J.: 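If you scroll down you'll find the structure; I have some questions about it.
Residues take their numbers from the sequence shown, with the count starting at 1. None of the values given here were measured: they were computed from a predicted structure.
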Amino acid sequence: MAELTKSYAAKGVLSTLDSTLTEITKKGTFTHDFGAALREFEGQDITISITLKEKITPIDSESTGE
């Protein structure tokens with residue numbers, strides 16, 4: 001049996017209030033209807049992966065004085 005894969009990839013800020021994803025690229029700022037993208041998969045067997053990336057400040061002995 002063959003498989004057909006359909007996927008979307010975007011990197012940006014997700015708003016669950018209005019179901020949009022705002023993506024900032026070198027070509028400009030784009031707002032995608034995240035809800036519409038999900039509706040394309042209605043009733044299908046899917047896998048969703050969302051990754052949260054945060055910038056952190058390392059704590060070391062010099063900055064804490066220890």
J.: Check side chain to side chain contact (heavy atoms under 4.5 Å, CB included) between Ile24 and all other residues, then give those that pass, not counting sequence neighbours.
T.: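 For Ile24, the residues satisfying side chain to side chain contact (heavy atoms under 4.5 Å, CB included) (neighbours in sequence not counted) are Thr29.
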J.: Could you tabulate the donor-acceptor pairs under 3.5 Å formed by side-chain atoms of residues 45-52, not counting sequence neighbours?
T.:
none

J.: Would you say CD of Glu40 has more than 12 non-hydrogen atoms from neighbouring residues, nucleotides or ligands within 6.0 angstrom?
T.: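 Atom CD in Glu40 is packed in, count exceeds 12.
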J.: Any chain of hydrophobic side-chain contacts (each under 4.5 Å) joining Leu38 to Phe30?
T.: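 No: no chain of side-chain contacts under 4.5 Å links Leu38 to Phe30.
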J.: In Å and rounded to the nearest 0.5 Å, what is the OG1 to CG distance from Thr20 to Leu14?
T.: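 Going from the OG1 atom of Thr20 to the CG atom of Leu14 covers 7.0 Å.
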J.: Applying salt bridge (charged side-chain N to carboxylate O under 4.0 Å, His left out) as the test, list every pair that has at least one member in residues 7-35; sequence neighbours left out.
T.: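 For residues 7-35, and leaving out neighbouring residues, the salt bridge (charged side-chain N to carboxylate O under 4.0 Å, His left out) pairs sorted by first residue read Asp33-Arg39.
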